[in-house]
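Worksheet: one structure, shown below.
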Number of protein chains: 2
Amino acid sequence: MLAGMLDGKKTIDPSCPSRELLSHITSRWGVLTLIALKNKTLRFSELRQKLNGVSERMLIKVLKDFEKDGLVLRESYPVVPPHTEYSLTTSGLEAAGLITLLTDWIGNYQMKENAKPNKS
Amino acid sequence: MLAGMLDGKKTIDPSCPSRELLSHITSRWGVLTLIALKNKTLRFSELRQKLNGVSERMLIKVLKDFEKDGLVLRESYPVVPPHTEYSLTTSGLEAAGLITLLTDWIGNYQMKENAKPNKS
DNA sequence: CGGCATCCTCGCGGATACTG
DNA sequence: CAGTATCCGCGAGGATGCCG
């Protein structure tokens with residue numbers, strides 16, 4: 001485990017499987033995807049609009065990775081035109097919660113920082 | 001704020017200042033640096049050894065960024081040979097705590113996943 | 001030992017075009 | 001609408017060398 005290895009005397013194993021999941025979650029669009037899906041099930045294009053700036057290719061990759069990781073549930077309806085919905089699994093919801101904790105903290109922290117008098 | 005913007009109807013502002021701090025914290029070495037400094041004040045070379053695989057250049061960058069962000073305290077002693085110590089500020093400690101929550105969760109999650117019978 | 005600066009590689013990630 | 005495939009720029013990040 002990541003923290004454990006650092007807290008202990010051992011160095012980090014680069015091949016540690018946690019690294020991959022961690023990189024997925026903390027990736028640029030990974031973070032935002034989790035937050036976006038936190039409360040809502042969304043279709044591909046809805047999600048893409050919310051994450052203003054994602055390329056189609058990257059969003060697909062993130063969603064596929066998360067699906068493999070077990071954080072995202074993909075439901076595809078065989079209709080024309082296609083209709084696919086993405087939602088978080090229970091685990092995904094947990095991860096999203098933790099990420100939200102972090103982003104909320106960042107928001108508060110920067111508010112406090114900017115409130116300080118000695119600021120450029 | 002990140003979460004707020006996504007929860008609401010507005011899309012994310014790419015120029016949002018939170019994005020930068022978020023990227024620092026969630027960066028490959030940023031995460032590990034926070035964890036490594038969580039309990040200990042460390043010298044540059046000690047830190048470099050703990051984060052097995054960081055290039056000198058990247059570690060310097062991460063530390064400088066965190067110092068600017070107010071998460072890391074740098075104390076340099078003008079002796080020969082040079083001696084510099086890095087520790088977390090109060091805010092840095094808070095951030096490290098949240099990151100640890102996430103990495104711990106990932107560790108547990110993967111343990112559970114691997115314990116499932118239907119696994120390759 | 002701590003820290004810059006320089007060079008260079010490599011893959012992340014964007015743009016575009018196409019299909020079911 | 002939801003993908004897939006291909007091309008490619010660019011910047012993160014590693015290697016190396018030098019200095020206080």
Side-chain angles (χ1 to χ4, degrees), chain A residues 11-15 19-34 36-37 40-69 72-88, chain B residues 11-16 19-34 36-37 40-69 72-87:
Chain A
T11 57
I12 288 184
D13 179 1
S15 64
R19 289 285 269 267
E20 200 190 340
L21 181 51
L22 180 66
S23 74
H24 290 165
I25 294 178
T26 61
S27 73
R28 180 176 181 192
W29 301 116
V31 172
L32 302 176
T33 299
L34 287 176
L37 288 178
K40 292 183 126 187
T41 291
L42 290 177
R43 299 183 59 173
F44 185 82
S45 48
E46 292 172 327
L47 196 49
R48 188 152 141 65
Q49 281 171 11
K50 268 211 170 183
L51 308 191
N52 199 12
V54 225
S55 70
E56 196 181 70
R57 185 171 155 276
M58 276 303 109
L59 183 54
I60 289 175
K61 186 185 182 308
V62 167
L63 288 170
K64 270 196 175 158
D65 285 343
F66 278 162
E67 196 188 355
K68 270 190 194 170
D69 295 332
V72 158
L73 180 68
R74 187 190 110 113
E75 286 173 297
S76 187
Y77 302 95
V79 296
V80 173
H83 186 110
T84 311
E85 292 187 343
Y86 293 91
S87 57
L88 294 184
Chain B
T11 57
I12 285 185
D13 179 2
S15 65
C16 177
R19 290 285 270 263
E20 200 190 341
L21 181 51
L22 180 65
S23 74
H24 291 166
I25 294 178
T26 60
S27 73
R28 179 177 181 192
W29 301 115
V31 172
L32 301 176
T33 299
L34 287 175
L37 289 177
K40 293 185 126 190
T41 291
L42 290 177
R43 301 183 57 172
F44 186 82
S45 47
E46 292 172 328
L47 196 49
R48 188 151 141 66
Q49 280 170 14
K50 268 211 171 182
L51 309 191
N52 199 11
V54 223
S55 72
E56 191 184 75
R57 186 171 156 277
M58 275 305 108
L59 183 54
I60 290 176
K61 187 186 183 308
V62 168
L63 288 170
K64 269 196 175 158
D65 285 343
F66 278 162
E67 197 189 354
K68 271 191 194 168
D69 295 332
V72 157
L73 180 66
R74 186 191 112 111
E75 285 173 297
S76 186
Y77 302 95
V79 296
V80 172
H83 187 110
T84 312
E85 292 187 340
Y86 293 90
S87 56

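Labels below follow one simple rule: chain letters A, B, ... track the order of the sequence lines, proteins then strands, and each chain is numbered from 1. Here the structure is a predicted model, which means the values were calculated and not measured.
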inquiry  = Tell me every residue that passes side chain to side chain donor-acceptor pair (under 3.5 Å) with B/E85, counting only those two or more places apart in sequence or in another chain.
reply    = B/H83
Within the structure, does a side-chain N or O atom of [X] lie under 4.0 Å from either OP1 or OP2 of [N]?
X     : N      : result
A/T84 : D/dC1  : no
A/K64 : D/dT4  : yes
B/S76 : C/dG2  : no
B/R28 : C/dC12 : no

Least distance between heavy atoms, B/W29 atom then B/N52 atom = CH2-O, 4.0 Å
note = On a heavy-atom basis, the closest approach of A/V54 and A/M58 is CG1-CB, 4.2 Å
Between [atom2] on [N] and [atom1] on [X], what's the gap in Å once rounded to a whole number?
X     : N      : atom1 : atom2 : answer
B/H24 : D/dG13 : NE2   : P     : 11 Å
B/F44 : C/dG2  : CZ    : P     : 7 Å
A/L59 : D/dT4  : CG    : P     : 12 Å
B/H83 : C/dG2  : NE2   : P     : 8 Å
B/I60 : C/dA5  : CD1   : P     : 10 Å
A/L51 : C/dG14 : CG    : C1'   : 15 Å
B/K61 : D/dG11 : NZ    : C1'   : 11 Å
B/D65 : C/dC4  : CG    : P     : 12 Å

task = Working to the nearest 0.5 Å, report the span between CG of B/L59 and CG of B/L51.
result = 6.0 Å
task = Give, for atom CG of A/L32 and atom CZ of A/R28, the distance between the pair rounded to the nearest 0.5 Å.
result = 8.5 Å
ask   = Does a side-chain heavy-atom distance below 4.5 Å link B/Y86 with B/T33?
value = no
remark   = Winner on side-chain proximity to A/M58, out of C/dG14, D/dG13, C/dC1, is C/dG14
request  = Output all residues satisfying side-chain contact (heavy atoms from CB on, under 4.5 Å) with A/D65, sequence neighbours left out; order by chain, then residue number.
outcome  = A/H24, A/K61, A/D69
key: Base-contact (B) and sugar-phosphate-only (S) positions in nucleotides 15-20 of chain D, heavy-atom cut-off under 4.0 Å, - elsewhere   = B-B--B
request  = Looking at every strand, decide which applies to A/Y77 at a 4.0 Å heavy-atom threshold: base, sugar-phosphate, or nothing.
outcome  = nothing
